[in-house]
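Worksheet for the structure shown next.
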Amino acid sequence: MQNRITRGFPAALLVAAVSLHAADKPKSSASVPTSVDPYAEVQPATESLDMTMYQRIRDEGLNHSHVMEFGSALMDGIGPRLTGSPNVKKANEWTRDTLTKIGLENAHLEDWGEFGLGWQQMNTWARMVSPDTAVLIVQATPWSPATPGPVTGDVVFVNIQSEKDFDQYKGKLAGKIVLYGAMREVPPVEKGIFERYSDKELDDIAEFPVAANSGGVPPEMQARMQARLERMKLIDKLAQFFADEKVAAVIEPSRDGKNGAGSGGTLFDDNGATLGRTPYIADKRVKIPVVVAAIESYGRLCRLTQAHAPVSVEMNVDTKFTGEHEHGFDTIAEIPGTDPKLKEQVVMVGGHLDSWIGGTGATDNGAGTIVAMEAMRILKALDVKPRRTIRIALWTGEEQGLFGSKGYVSQHFGSAKLSTAPDQMALPEFMRRAAGPLEVKPEQKLISAYFNVDNGSGKIRGVYLQGNAAIEPIFAQWIAPLKDLGVSTITMRNTGGTDHLSFDAVGIPGFQFIQDSLDYESRTHHSNEDVVERLQPSDLKQIATVEAIFVYNAAQRDQMLPRKLLPTPDREEKRRAPLEGIFPGAQTSEAPEKK
């Protein structure tokens with residue numbers, strides 16, 4: 001999952017405009033039945049649930065699970081899966097081949113477009129050599145170049161917060177190892193770092209919060225967005241400045257985790273640590289080695305420099321680039337539908353396959369990958385003959401901006417063009433406004449729903465409806481027999497930061513499940529602790545079982561799942577604009593045309 005700053009963004013901000021690319025094998029072109037109109041279908045008041053199938057899925061998923069076999073093979077056997085890397089290629093191929101082995105059909109890889117640099121961390125280490133010797137806990141930041149073997153340099157602290165701060169460091173940093181980033185507080189870990197939702201917390205989630213401001217983005221989220229934009233404006237200039245000054249390397253401090261748990265040797269190594277906005281693009285690559293340090297390692301160096309004590313560090317960053325124009329791929333496979341009238345319709349399930357590099361990408365999002373695979377295995381093991389086609393999709397490029405799912409959605413279902421105005425081009429793609437209407441393709445009508453898991457390995461407690469009121473009574477009936485498994489909560493809230501948003505943005509029902517957080521936000525999310533030991537096998541069994549039931553129910557209904565109105569991303573800004581001409585005596589002025 002992407003950093004929390006993206007969670008909760010309005011879906012309209014995430015409409016994609018991704019160009020068409022080829023698959024690694026031809027895709028079947030489904031003809032669209034003229035009678036299909038998912039917006040006009042009348043939904044029954046009572047769901048027809050197959051309780052025998054509920055029991056069979058539960059038995060297979062809870063008593064005959066293979067989810068941890070998938071988990072060890074992916075995380076231990078392949079490891080971290082940075083988009084564009086050799087490991088993500090291995091993961092794409094392994095998931096394709098494994099899905100074929102468990103009986104799925106049409107397993108293949110689909111090219112969603114050029115990503116950028118291929119990169120791999122081979123080994124990274126650092127140690128203080130004076131005034132004392134000490135081993136430092138560090139990792140290279142993604143797409144960092146290597147040092148020319150071990151290098152030793154004097155350590156200096158650099159505090160650049162704005163353009164006016166550059167001049168004081170000119171001519172003073174050559175050969176230095178730079179500490180960049182303020183030393184943060186390291187509070188005692190007084191609160192639990194492993195949490196499950198209480199009944200009260202689930203009740204709170206079920207309530208829909210109404211924000212006072214237009215667009216539903218809370219003020220604190222707006223402040224975080226603005227702070228991120230300001231940092232992004234500076235970061236590229238900063239990286240080039242360090243390169244021009246010929247610094248030996250840069251050390252950054254690891255951020256904190258929830259409840260102060262980002263200490264004790266834990267480090268977070270993701271897009272918040274990279275010294276660049278898009279360091280995976282060849283002409284925007286970072287030109288100096290950069291590592292992120294556990295806060296205790298960084299703290300000692302920082303305090304020594306603040307005390308004006310001479311301090312030096314030796315480090316070796318051993319990384320390699322494996323290509324400049326690597327493409328990204330999604331893994332796709334199916335259980336074909338069997339109903340002559342419904343088999344061209346599709347129910348989708350998935351999660352993102354890519355990860356960051358700190359650990360082995362176990363909870364983010366190896367968990368979502370292996371439970372989707374296990375859900376499909378369960379249905380195949382039971383020899384289910386679904387009425388609709390059930391399709392699994394395992395995305396890459398999620399961590400950099402939902403690239404894999406947006407590319408797939410754009411190729412198959414639709415997209416809206418994004419603004420190319422200069423101020424908009426300076427923003428990340430997911431924050432740019434639409435410059436034209438949503439254009440949907442024929443396949444868009446054929447997708448009943450997409451179900452996603454990307455909140456760690458905590459068991460499912462309910463589902464976010466993404467504002468789809470018509471589906472509430474349907475899901476309420478689906479989860480009633482699952483309350484003994486802890487599934488009880490339905491909320492109209494939106495949740496963001498992951499791949500269901502790509503579907504929601506083009507009018508396809510896309511859902512992310514509510515999950516127990518466990519130690520996801522406190523310890524494992526994008527960290528060196530994101531390893532198999534942090535997976536909870538019993539929770540993963542429950543997730544796969546619940547997901548299989550949801551997918552089965554959606555595939556067997558007479559009707560497709562109900563949809564919200566088709567999004568109008570090009571009109572969102574206008575709809576939120578102040579009403580004109582209502583203030584007595586006010587004079588109106590023409591606003592400049594936006595592109």
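Start at 1 with the first residue, then count along the sequence. Note that this is a predicted model, so its numbers are computed, not measured.
- Proximity of a side-chain donor or acceptor of Gln536 to a complementary backbone N or O of Gly458 within less than 3.5 Å is not detected.
- Contact of the Leu379 side chain with the Ile57 side chain is registered, since non-hydrogen atoms from C-beta on lie closer than 4.5 Å.
- Of the candidates Glu344, Glu334, Glu110, Glu334 is the only one forming a salt bridge (charged side-chain N to carboxylate O under 4.0 Å, His left out) with Arg391.
- Using modelled atom types, one finds a donor on one side chain and an acceptor on the other under 3.5 Å when comparing Asn92 with Thr331.
- Counting only heavy atoms from C-beta outward, the side chains of Leu394 and His352 never approach each other to under 4.5 Å.
- With contacts defined as side-chain heavy-atom distances shorter than 4.5 Å, the pair Arg285/Pro279 does not qualify.
- Note that Arg563 lies in the cation-pi zone of Tyr39, set by a 6.0 Å cut-off to the ring centre and a 45° limit from the axis.
- A salt bridge does not link Asp519 with Lys258: every distance from a Lys NZ or Arg NE/NH1/NH2 to an Asp or Glu carboxylate oxygen is 4.0 Å or more.
- In this structure, Leu540 and Gln542 have side chains that are not in contact, with every pair of non-hydrogen atoms separated by 4.5 Å or more.
- Residues satisfying the side-chain hydrogen bond (donor to acceptor under 3.5 Å, both in side chains) criterion with Asp530, sequence neighbours excluded, are Thr363.
- Checked against the 6.0 Å centroid criterion, the rings of Phe115 and Tyr280 qualify as a close aromatic pair.
- Here the shortest heavy-atom pairing between Ala367 and Gly456 reads CB-O, 3.7 Å.
- Proximity of a side-chain donor or acceptor of Glu60 to a complementary backbone N or O of Leu382 within less than 3.5 Å is not detected.
- Classified by interplanar angle (parallel below 30°, tilted 30° to 60°, perpendicular above 60°), the ring pair Trp478/Phe451 is tilted.
- Taking the six-membered ring for Trp and thresholds of 30 and 60 degrees, Phe403 and Trp112 have ring planes inclined between 30 and 60 degrees apart.
- Using a 4.0 Å cut-off between charged side-chain N and carboxylate O, Glu93 and Lys90 make no salt bridge.
- Here the side chain of Ser527 pairs a donor or acceptor atom with the backbone of Arg523 at under 3.5 angstrom.
- Aromatic rings from Tyr520 and His525 are positioned such that their centres are separated by under 6.0 Å.
- Residues Tyr408 and His412 bring their aromatic ring centres within 6.0 Å.
- Ion pairing of Glu201 with Arg196 is absent here, as no side-chain N (NZ or NE/NH1/NH2) approaches a carboxylate O to less than 4.0 Å.
- The only option from Asn365, Asp454, Asn455 that meets the side chain to side chain donor-acceptor pair (under 3.5 Å) definition with Thr498 turns out to be Asp454.
- A donor-acceptor pair under 3.5 Å links the side-chain atoms of Gln43 to the main chain of Met560, judged by distance alone.
- The backbone N or O of Leu342 lies less than 3.5 Å from no partner atom in the side chain of Arg387, so there is not a single donor-acceptor pair.
- Not a single donor-acceptor pair under 3.5 Å links the side chain of Arg461 to the backbone N or O of Ser488.
- Although no hydrogens or angles enter the test, the distance criterion places no donor-acceptor pair under 3.5 Å between the side chain of Lys343 and the main chain of Thr389.
- Here the side chains of Val349 and Tyr450 are not in contact, with every heavy-atom distance at 4.5 Å or above.
- Taking 4.5 Å as the limit, every side-chain heavy atom of Ile335 sits out of range of all side-chain heavy atoms of Val384.
- Contact check on Glu439 versus Lys417 returns no salt bridge, with no Lys/Arg side-chain nitrogen under 4.0 Å from an Asp/Glu carboxylate oxygen.
- Here the side chain of Thr360 pairs no donor or acceptor atom with the backbone of Gly79 at under 3.5 angstrom.
- Separating the CD1 atom in Ile235 from the OG1 atom in Thr274 is a distance of 7.5 Å, to the nearest 0.5 Å.
- Annotation: side chain of Ser448 is not in contact with side chain of Gln345 (no heavy-atom distance under 4.5 Å).
- Classification of Asp504 and Lys564 as a salt-bridged pair holds, one side-chain N sitting under 4.0 Å from a carboxylate O.
- Between the side chains of His526 and Asp270, a donor-acceptor pair is found at a separation under 3.5 Å.
- Considering all non-hydrogen atoms of both residues, Lys445 and Pro38 come closest at O-CG, 3.9 Å.
- Rounded to the nearest 0.5 angstrom, Leu482 CG and Thr545 OG1 are separated by 9.5 Å.
- Annotation: side chain of Leu518 is not in contact with side chain of Glu195 (no heavy-atom distance under 4.5 Å).
- Between the side chains of His500 and Gln466, at least one donor-acceptor pair of N or O atoms lies under 3.5 Å.
- Between Phe503 and Phe413, the ring planes are tilted. Angles from 30° to 60° get that label.
- Both the sub-6.0 Å distance and the 45° axial angle are satisfied by Arg255 relative to the ring of Phe268.
- For Phe513, the ring-ring contact (aromatic ring centres under 6.0 Å, His included) partners two or more places apart in sequence, or in a different chain, are Phe550.
- Between the side chain of Lys441 and the backbone N or O of Val409 there is no donor-acceptor pair closer than 3.5 Å.
- Under a 3.5 Å cut-off, the side chain of Asp111 and the backbone N or O of Gly113 do form a donor-acceptor pair.
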*Dump the intermediate steps for side chain to side chain donor-acceptor pair (under 3.5 Å) on Thr396 and Asp354, then the final yes or no.*
CA-CA 5 Å; Thr396 60; Asp354 65 304; 5.9 Å; no
